Amino acid sequence: MKSALIALALLAAPAAAHAQVAAATMPNTFDGPARGAPVQPVQPAAPVVAATPANPQSEATVRKIIADAQAGTMDYSIMTDTLADRIRPQAAQVTPIIQSLGAIQTFEFAGSQEGADMFLVRFANAATQWIIGFDDAGKVDALLFRPAE
């Protein structure tokens, strides 16, 4: 189940959603031992996470997507064509996974970053994280779910 969730996550989320940046300064070892003070790695700044959803429709849309999948249908009209094209081939595999999660027990906003909202959704059989983002026209253009950490 975990690999299928991650597969959906990697295919459905835009590249920026799962890019990570790490930087460090290293001495040139080809010129001999490093001279001077030890070089400290540069730490990337922590991302700014909002306290309220970036889109007021995020929660209702995630709930609709979950309900549709649990009913065995998917409403692609609420998605951008690109996202719908990425999700369609996975629907037969992902729908039974979402159905197996059981009923929603709790649903809570966990933060926003770069215009995408994250929710912690606890089902009867598993805890998951759902990330959703919208384009300028209000269509879902990023959708990711995975096991909660």
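Model, not experiment: these values are computed from the prediction.
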**Q** Quick one: OG1 on Thr128 to CD1 on Ile97, what's the gap to the nearest 0.5 Å?
**A** 12.0 Å

**Q** Is the shortest heavy-atom distance from the side chain of Glu59 to the side chain of Phe109 under 4.5 Å?
**A** no

**Q** Evaluate the ring planes of Phe107 and Phe119, with Trp represented by its six-membered ring, and classify them as parallel (under 30°), tilted (30 to 60°) or perpendicular (over 60°).
**A** tilted

**Q** Between Thr80 (side chain only) and Asp141 (backbone N and O only), is there a donor and an acceptor less than 3.5 Å apart?
**A** no

**Q** Report yes or no: do Leu120 and Val62 belong to one cluster of Ile/Leu/Val/Met/Phe/Trp/Tyr joined by side chain heavy-atom distances under 4.5 Å?
**A** no

**Q** Please confirm whether the backbone N or O of Asp117 pairs with a side-chain atom of Asn55, one donor and one acceptor, at under 3.5 Å?
**A** no

**Q** In a check of side chain to side chain contact (heavy atoms under 4.5 Å, CB included) between Ile87 and each of Thr82, Ile65, Val94, Leu143, which one passes?
**A** Leu143

**Q** Val121 and Leu101: side-chain contact (heavy atoms from CB on, under 4.5 Å), yes or no, with the steps?
**A** CA-CA 10 Å; Val121 183; Leu101 297 174; over 6 Å; no

**Q** Quick check against the 3.5 Å criterion: does Thr95 have a side-chain atom that pairs as donor or acceptor with the backbone of Thr73?
**A** no

**Q** In the structure I gave you, are the side-chain heavy atoms of Arg146 and Ile131 within less than 4.5 Å of one another anywhere?
**A** yes

**Q** Do Phe134 and Val140 make a side-chain contact, defined as non-hydrogen atoms from C-beta onward lying under 4.5 Å apart?
**A** yes

**Q** Side chain of Gln99, backbone of Gln70: donor and acceptor closer than 3.5 Å?
**A** yes

**Q** Minimum heavy-atom separation for Pro53 and Ser112, please, with both atom names.
**A** CA-OG, 3.5 Å

**Q** Could you tell me whether the side chain of Ile66 reaches within less than 4.5 Å of the side chain of Phe123, counting heavy atoms only?
**A** yes

